[in-house]
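Note sheet for the following structure.
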Number of protein chains: 2
Amino acid sequence: MPKQIDHEKRRKQIAEATWRVILERGMEGASARNIAKEAGLSLGALRHYFSTQDELLVFAMKLVQEKARARIEDIATKDLPPKEKMLHILLEIVPTNEETIREMEVWFAFTVYARHKKDMFDANHDGIYGGIRNLIAYLDEFDLLKQDADKDIEAERLYALIDGLALHAMLDPVRVNKDRITRVIMQHVESICAEETNETEGREY
Amino acid sequence: MPKQIDHEKRRKQIAEATWRVILERGMEGASARNIAKEAGLSLGALRHYFSTQDELLVFAMKLVQEKARARIEDIATKDLPPKEKMLHILLEIVPTNEETIREMEVWFAFTVYARHKKDMFDANHDGIYGGIRNLIAYLDEFDLLKQDADKDIEAERLYALIDGLALHAMLDPVRVNKDRITRVIMQHVESICAEETNETEGREY
């Protein structure tokens, strides 16, 4: 058993080396040779852990996805008011710190690369769209959405907004910083929600 | 003079061959050899028109940008009511047909590539952000924006929405088709504008 654990741990280390190579040299520099060197392994040892280049790349990308998913699940289980929980989750999807911007950059480079590799990896369906649809349904469950909202279109709109912000946070992190992203997302969530009625006050009459 | 015109025409043909190579093989396949072959030229002849690979790529990308700019300017000079003009312009920025989706794909691949080439080409500042800011100012000039709108944040929000839609139109053109893009953009423009008041009716009293 410890041997298997070591095997998986080493695979993760190689994945992390792959991210560093992609960040530094782009996908065109992510050769087995460069990755082995970055991981401090021989080419032969690298092949022991991943038999093909594409197997390694797919593993490295799934790890990015898993890290993001774990962070989001962590917030989802917290005891927060619905709107606040939604804000926190959306702020977790859009990269706002150095680590998540780096992850986004790797993800982005890979998405472009994988488009020319059919059936390699469906970066297209990264689960974010489904998650956004659930968030809109969640607001609706608590009667927070505007009455006349078209939930299907609102989900598509929010999904585009979030991915657009993520893209801009990566391309122009000075302007599109955490404070600005927070203001844009708060403004959006407020605009799709009904005006808050102060129920307690109402009940006093 | 005709010789100079021929020279520029040939450079454009080579740029178009470059787009086709990028679409088919990705940036990693966009070698001088492959581009020369696609353009039906020898490597030597290609070098006559572009002395370096990067000079060719930058020219090919500027041409994509110019085509988009020309289409947008064409709409901007039309005599249309402000909100309708804005809708048309936004629908021109988001790719909704095969040609513009292809352009977006080339642009996207190039943006990722250029990130690892410092000072090559600032794909980051493609002029769209400035254009979007102008559109928000334009709505405001006609008193169409909601009174309490924060124009700066609204411009950032619309810019993210538009680029997110463009990204999704490219990655998932079946779901994110022209009809759906139109509905999302219309919903957004309506939501940032004040409720329409029927001024003529008001004047009758």
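This is a predicted model, so every value here is computed, not measured. We name chains A, B, ... by the order of the sequence lines, and we start the count at 1 in each one.
- Looking at heavy atoms from C-beta onward, B:R175 lies in side-chain contact with A:E156 at the 4.5 angstrom threshold.
- Summarising the geometry, atom CZ belonging to B:R183 is positioned 3.5 Å from atom CD1 belonging to A:I153; distances are rounded to the nearest 0.5 Å.
- Between chain A and the residues B:K146, B:M170, B:M27, the most heavy-atom pairs under 4.5 angstrom are made by B:M170.
- Remark: B:K85 NZ is packed, more than 12 non-hydrogen atoms of other residues, nucleotides or ligands lying under 6.0 Å away.
- At a threshold of 4.5 Å between non-hydrogen side-chain atoms, the residues A:D163 and B:H168 count as touching.
- Around CZ of B:R102, the count of heavy atoms belonging to other residues, nucleotides or ligands within 6.0 Å does not exceed 12.
- Counting heavy-atom pairs under 4.5 Å between each of A:I185, A:V176, A:I181, A:L23 and chain B puts A:L23 at the top.
- Taking A:E105, A:R25, A:R180, A:E28 one by one and counting their heavy-atom pairs under 4.5 Å with chain B, the maximum is reached by A:R180.
- Residues satisfying the salt bridge (Lys or Arg N to Asp or Glu O under 4.0 Å) criterion with A:E154, sequence neighbours excluded, are A:R157.
- Contacts between A:I192 and chain B at a heavy-atom distance below 4.5 Å are absent for every atom of the residue.
- Within the 4.5 angstrom heavy-atom criterion, only side-chain atoms of A:D150, from C-beta onward, approach chain B.
- When all heavy atoms are compared, the tightest approach of B:A109 to A:V112 is CA-CG1, 3.9 Å.
- Between A:Y159 atom OH and B:D172 atom CG the span is 7.5 Å, to the nearest 0.5 Å.
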